[in-house]
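These numbers come from the heavy atoms of this one structure, side chains and all, not from hydrogens, waters or symmetry mates. All chains are named by letter (A, B, ...) in the order of the sequence lines, taking the proteins before the strands, and each is independently numbered beginning at 1.
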There are 2 protein chains.
Amino acid sequence: MVSGDRSRETIERITRAAVEIFSEKGFDGARVDAIAGRAGVNKATLYYHIGDKDALYRMVLRNVITDTVDQIESALSSLSAPEEKLRAYVRIFAGSAADNPGMAPIMMRELASGSKNLPDEIALIYGRTIDLVTEILEEGIRQGVFIKVSPLLIYVMVAGGVVLYRLTDSVRERLAVEAGKHYDVEGAEEEGIIREIETIIMNAVMKRGMNGEAE
Amino acid sequence: MVSGDRSRETIERITRAAVEIFSEKGFDGARVDAIAGRAGVNKATLYYHIGDKDALYRMVLRNVITDTVDQIESALSSLSAPEEKLRAYVRIFAGSAADNPGMAPIMMRELASGSKNLPDEIALIYGRTIDLVTEILEEGIRQGVFIKVSPLLIYVMVAGGVVLYRLTDSVRERLAVEAGKHYDVEGAEEEGIIREIETIIMNAVMKRGMNGEAE
DNA sequence: TAAGTTAAACTAAACGGTTGGTAGAAAGGT
DNA sequence: ACCTTTCTACCAACCGTTTAGTTTAACTTA
């Protein structure tokens, strides 16, 4: 558990591999041997640096959550108008989910099991995201551009929508090839989808007569 | 593998127990012994009736999905106005998620693992839900009451929102007691939350000047 | 020489699945 | 009416394998 310079790189390799495998298989499905294997280190090295499987998992949780939250917070700090901030929030959240493909599966599984393994400290970081949305919406309401809506529900609809969109990818593909059913969004590149989620959310919160219509 | 009358009841007990345990622990985390135990039968009895762990899991998947989809389809068949249908859809979906607490965790975990264990047949049933939303929205657009939005995105935002709201329950509770942060919706009884999700969605899709404002 | 790394063998426990057999009701023969 | 066979549902105990985690002894690099 020391941090030389060689150590740091090894730990990073292990973490990256662990994110991948935990996201593919979940905690119980993940094999420590597989993680060590993908990281290109001996299992003993993994135990030497990290500890046990639980510690490794907590490390992964901390990583994916702080990554996402940091990205969002720093991106929003440069903006001030609530409309812009809300739009940016959606875009950054979606972008972050795309950049960090392990996040959605890991978080969903963690929440699905009652967040038993989410340490308080990390739960707090997670809560900052909701705080962020709350501030944006309250500011917009004060300025008279947003109607009164529950920040929590806006949060879950954005996050839930983005995450579910990503996670249902493979099912939609199967439905397309095997039943000829195409559920794509028109202009279905990443960018187009994000923009449309943005639009839906803005329509839902903007006071009437305050913004350009959608479509 | 026969189905007498005593059998049917036993199989039902096993299924109920399996839904509970799979939803708590996921496929890999679930112990066949634990499922048999909770069902009050010997493990061999479980294998006698059902087959192996995979077959048991597929049975559970089929159960939770068909339950939900059937409930939605039958509830919508009596309505005709697209606005009413969309409102009802949100309400029924949320209600179904509340009645069947195993659904959200099981589906999320299944999607998180790339839907590897979702048989085509069940994926098709799942697809019917998206079809339903698509029909409602297209009808509304034809009638000139809805703006043009992607049905898929409306679907994922409703489902994702409802599911994520439920799954984050325990984290929010922890944040409340340990950091004094309260993220509740105002008037936070089941009913109030569902109504507000309904409102957000209606705001997002209604053509301007077509409905009463929200708040 | 210290910290870092490795391969390999090992242990203890856990787990999915199987085996061999039993209770009890129904069916059949006489 | 009395055995006897058959069939379904069920179980306790067991088997073979997998898995997390450890240990040891040797090698490497700063």
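As rounded to whole Å, 13 Å separates atom C1' of D/dA9 from atom CD1 of B/I50. Distance CZ (A/R13) to P (C/dT5): 8 Å, rounded to an integer number of Å. In this entry the distance linking OH of A/Y48 with C1' of C/dT5 reads 9 Å, nearest Å. In this entry the distance linking OH of A/Y57 with C1' of D/dA20 reads 17 Å, nearest Å. Put simply, CG on A/L56 is 10 Å from P on D/dG21, counting in whole angstrom units. Nucleotide C/dG4 holds its C1' atom 17 Å from the CD atom of A/E12, rounded to whole Å.
Using N1 to N3 plus N6-O4 or O6-N4 for Watson-Crick, or N1-O2 and O6-N3 for G-U wobble, each under 3.5 Å, D/dT29 pairs with nothing. Figure legend. C/dA2 is base-paired to no nucleotide; pairs are counted as Watson-Crick or G-U wobble with both atom distances under 3.5 Å.
Judged by the 6.0 Å distance and 45° axis criteria, A/R109 is not positioned over the aromatic ring of A/F22.
Taking the six-membered ring for Trp and thresholds of 30 and 60 degrees, B/Y155 and B/F93 have ring planes more than 60 degrees apart, a perpendicular arrangement.
Note: B/L167 CG to B/R172 CZ = 10.0 Å, rounded to the nearest 0.5 Å.
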Next item on the list: Scan nucleotides 12-26 of chain C nucleotide by nucleotide, 5' to 3', and note B when protein non-hydrogen atoms come under 4.0 Å of the base, S if they reach only the sugar-phosphate, - if neither.
Entry: ---SBBBB-------
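A donor-acceptor distance shorter than 3.5 angstrom exists from the side chain of A/E110 to the backbone of A/N117, with no hydrogens or angles considered.
Counting only N and O atoms by type, the side chains of B/Y89 and B/E198 include no donor and acceptor under 3.5 Å apart.
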Next item on the list: Determine, step by step, whether B/K181 and A/D131 satisfy the salt bridge (charged side-chain N to carboxylate O under 4.0 Å, His left out) criterion, reporting the C-alpha distance in whole Å, the side-chain angles of both residues, the deciding distance to 0.1 Å, and the verdict.
Entry: CA-CA 9 Å; B/K181 302 207 167 205; A/D131 292 337; 2.6 Å; yes
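Shortest non-hydrogen contact noted between A/P82 and A/I136 is O-CG2, 3.7 Å.
When the side-chain nitrogen and oxygen atoms of B/T45 are compared with OP1 and OP2 of D/dC11, one or more of them lie within a distance under 4.0 Å. Dashed line: the shortest gap from a side-chain N or O of B/T10 to OP1 or OP2 of D/dC10 is under 4.0 Å.
Ranking D/dA9, C/dT5, D/dC11 by closeness to the B/H49 side chain, first place goes to D/dA9.
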